[in-house]
Amino acid sequence: MKVILFCQNAYAFGILGPIRDILHEQEHDFLWYISEKLLDNFPFKNEPYTLSILDLQLFKSDAIFVPGNEVPHYLRGLKVQVFHGLAGEKKGHFRIRHYFDLYLTQGPYFTNKFNTLKKVHRNFEVIETGWPKLDVYSTEKNKYEFEKKALLELFNTDKIVLYAPTFSPSLTSAPFLIKEIKKLAENTGYLVFIKLHDLMDPKWIKAYRELAQDTPNIVFKEDKNIIKSLLQADILISDTSSVIYEFILLDKPVISYKNISDKVLWDNSNSYNQLTQKVLDNFELDQYAPERTFINMQFHPYQDGRSAWRMVDTVKKYIELHGVPERRRLSLSRRLKINSMFGKPVKNPFVGPKTNKITGILITYNEDIHINAVLENIKFVDEIIVVDSFSSDGTVDKIKAHPNVKLIQRPFVNYTDQKSFALEQASNEWILFLDADERVPDALRNEILQTVNAKEPTADAYYFYRTFMFKKEVLRFSGWQSDKNYRLFRKSKVHFTQDRIVHETLIVEGKSDVLKNKMIHYSYKNYEDYKSKMIKYGQMKAVEELKKDYSPNMYHFIFRPFYKFFNHYFIRLGFLDGKKGMIICYLNALGVYSRYKELKRLRSLK
């Protein structure tokens, strides 16, 4: 059986990990899919994984396990919802989105609800298996006891309190309990763990990190899997997080604030106060113990640690009986949503023999946030060379972690010099030359492979149009709508002109063409980063301008920046990009002003 383990968020690792163990044990073929944001923290990098939906198309799976709400409908395979929590009261938990063929439920409460929905929709099956994330409650329940005893001795206390709120802005208690958590730690001396969701507002992550730094017996937990903290804690403080049910299944008390469940079977408060007294009362009385027994039977009655095994076995039997679906039928609106999230399926994926090899080339300096993703993105080429200008931010260490990448460190003189050197190092005739903040989408990757391996390529060099990303949003105008650069070319047919040191120019001795699919350009990280980039480019451009015999005057300082802004914001429709268009057009104009300011300074030194 060929299986995809589909991860869109970090919590999926703890859910799919036990399934992966069973697949490995039974010698099934499996492939992890992870979104780019998970790459640096993905814990299974020694196993097959990909960031590409095209790779999933080519894999031709029999089943896809998904602890999330969406999966591309066009992928081959039985689409299996394994859920990412136990909070049935949350909005959307029982919403049928029609992406899944099979729902594997955690316990009777969920099974009954989904069976009721099955009678309405009649396009999926429901089978109760238990939840794989909780298999560790059987296999590893006492695994961390020795470490817990050591921690209690170290902090001279007898209890561990875990605070794990939801990230949802409308439901989270994080903004309201920070002072109460501090009081609890100071008044009781208990060891307090803080475990925040990856999607929590960054300002609260920062605030609780600082709280832990300032308070000796508060520990901010950075590990992605909360299971260890659940097993070690004696009581949980939360709000409407599904982690409440995971903790209750360990038969330990819970305190929540403003929980939205219709039937709260634990200590819940509608006002954010008296946390210390509540903790003390629950340790002394534990009046909700009978209710926990009821929840255990309804939500997850399985204590054998074999939920993952049941899931794999259920899927095998289902496929034996019903076969493997090629795709899932969806409404137009659902198909459009999937296409916007994951891209359209690639038509006619290239699977033929590679008649021409490609060398991928990057030049880098302090590209820590991009380097892993871009190297993963171009794994389809035959050779990767990175020429680095002695980065100091961890870029080099990340490059070295990719064994198939050739790293060369060389001082930076200017872009033309560095790129010319990098080009000389390539072993292959066809070159894919990218910046670290660029990505090749699946459709473009497929077009590249088809183009290079055609019997007669249409050109010697190819332009790529680029989609400019403003943080996570597409910038559709502001002068970027027609932006294109040479990115794919024959080594023997090109060279970089030597009279430019920034925005270097490729000279092509042959025919040029344009590929139809766009690449993605993540140039704008934040305001200060893009501002410094524009100023740097402007200053380097001034060095080129120094060769010309003129002195900057009011025309250059006022009219040229104004025209740059006017052209991009009005003529090239930057105003249609809203606030982000205003920012980009202003910073591009600032780059022009910086060029002439630096040129004036350089001329004064002569």
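Note that these values count all heavy atoms, side chains included, but never hydrogens, waters or copies made by symmetry.
Rounding to the nearest 0.5 Å gives a distance of 4.0 Å between CD of Gln8 and CZ of Phe342. Atom NE2 of His568 is separated from atom OH of Tyr563 by 8.5 Å, given to the nearest 0.5 angstrom.
Residues satisfying the side-chain hydrogen bond (donor to acceptor under 3.5 Å, both in side chains) test with His556, not counting sequence neighbours, are Asn553. Residues forming a side-chain hydrogen bond (donor to acceptor under 3.5 Å, both in side chains) with Lys2 (at least two apart in sequence, or on another chain): none. For the side-chain hydrogen bond (donor to acceptor under 3.5 Å, both in side chains) test, residues two or more places apart in sequence or in another chain that qualify with Lys379 are Glu376. Residues forming a ring pair (Phe, Tyr, Trp, His ring centres under 6.0 Å) with Phe559 (at least two apart in sequence, or on another chain): Tyr555. For the ring pair (Phe, Tyr, Trp, His ring centres under 6.0 Å) test, residues two or more places apart in sequence or in another chain that qualify with Phe565 are Tyr569. Judged as a side-chain contact (heavy atoms from CB on, under 4.5 Å), and not counting sequence neighbours, the contacts of Asp435 are Lys419, Asp437, Glu438, Arg466, Arg487. Taking the ring pair (Phe, Tyr, Trp, His ring centres under 6.0 Å) definition, one finds that Tyr593 meets it with Phe557, sequence neighbours left out. Evaluation of the side-chain hydrogen bond (donor to acceptor under 3.5 Å, both in side chains) rule for Glu222 yields Arg209 as partners, not counting sequence neighbours. With sequence neighbours excluded, the residues that form a side-chain contact (heavy atoms from CB on, under 4.5 Å) with Pro18 are Pro132, Asp135, Ala308.
Ring to ring, Tyr527 and Tyr524 are not that close: their centroids are 6.0 angstrom or more apart.
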Which pairs of donor and acceptor atoms, one on a side chain in residues 511-520, lie under 3.5 Å apart (sequence neighbours left out)?
{"from": "Ser512", "atom 1": "OG", "to": "Tyr486", "atom 2": "OH", "distance (Å)": "2.6"}
{"from": "Asp513", "atom 1": "OD2", "to": "Thr458", "atom 2": "OG1", "distance (Å)": "3.1"}
{"from": "Asn517", "atom 1": "ND2", "to": "Glu447", "atom 2": "OE1", "distance (Å)": "2.8"}

Just distance, no hydrogens or angles: give the donor-acceptor pairs under 3.5 Å from side chains in residues 356-364, sequence neighbours left out.
{"from": "Asn356", "atom 1": "ND2", "to": "Val452", "atom 2": "O", "distance (Å)": "2.8"}
{"from": "Thr359", "atom 1": "OG1", "to": "Glu383", "atom 2": "OE1", "distance (Å)": "2.5"}
{"from": "Thr359", "atom 1": "OG1", "to": "Asn428", "atom 2": "N", "distance (Å)": "3.4"}
{"from": "Thr359", "atom 1": "OG1", "to": "Asn428", "atom 2": "ND2", "distance (Å)": "2.9"}
{"from": "Thr364", "atom 1": "OG1", "to": "Asp388", "atom 2": "OD1", "distance (Å)": "2.7"}

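Seen from the ring of Tyr463, Lys484 counts as a face-on cation partner, given the 6.0 Å and 45° thresholds.
In this structure, Lys600 contributes its side chain and Arg595 its backbone to no donor-acceptor pair below 3.5 Å. In this structure a side-chain-to-backbone donor-acceptor pair under 3.5 Å is present from Lys398 to Asp368. Between the side chain of Lys79 and the backbone N or O of Leu75, at least one donor-acceptor pair lies under 3.5 Å.
Contact of the Pro67 side chain with the Gln81 side chain is not registered, since no non-hydrogen atoms from C-beta on lie closer than 4.5 Å. In this structure the side chain of Pro345 reaches within 4.5 angstrom of the side chain of Gln57, judged on heavy atoms.
Applying the ring pair (Phe, Tyr, Trp, His ring centres under 6.0 Å) test between Trp32 and each of Phe44, Phe59, Phe6 identifies Phe44 as the sole match. Partner of His521 under the ring pair (Phe, Tyr, Trp, His ring centres under 6.0 Å) criterion, chosen from Phe468, Tyr465, Phe470: Phe468. Residue His84 is tested with Phe65, Phe13, Tyr11 for a ring pair (Phe, Tyr, Trp, His ring centres under 6.0 Å); the sole match is Tyr11.
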Problem set entry | CA sep, side-chain torsions, deciding dist, call: Asp62, Arg76, salt bridge (Lys or Arg N to Asp or Glu O under 4.0 Å) | CA-CA 7 Å; Asp62 299 309; Arg76 182 182 190 271; 3.0 Å; yes
Problem set entry | Leu51 vs Ile34, side chain to side chain contact (heavy atoms under 4.5 Å, CB included): CA-CA, chis, key distance, verdict | CA-CA 5 Å; Leu51 282 66; Ile34 58 173; 3.9 Å; yes
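Screening residues 573-590 for side-chain hydrogen bond (donor to acceptor under 3.5 Å, both in side chains), with sequence neighbours left out, gives Glu473-Lys580, Ser478-Asp577, Tyr530-Asn588.
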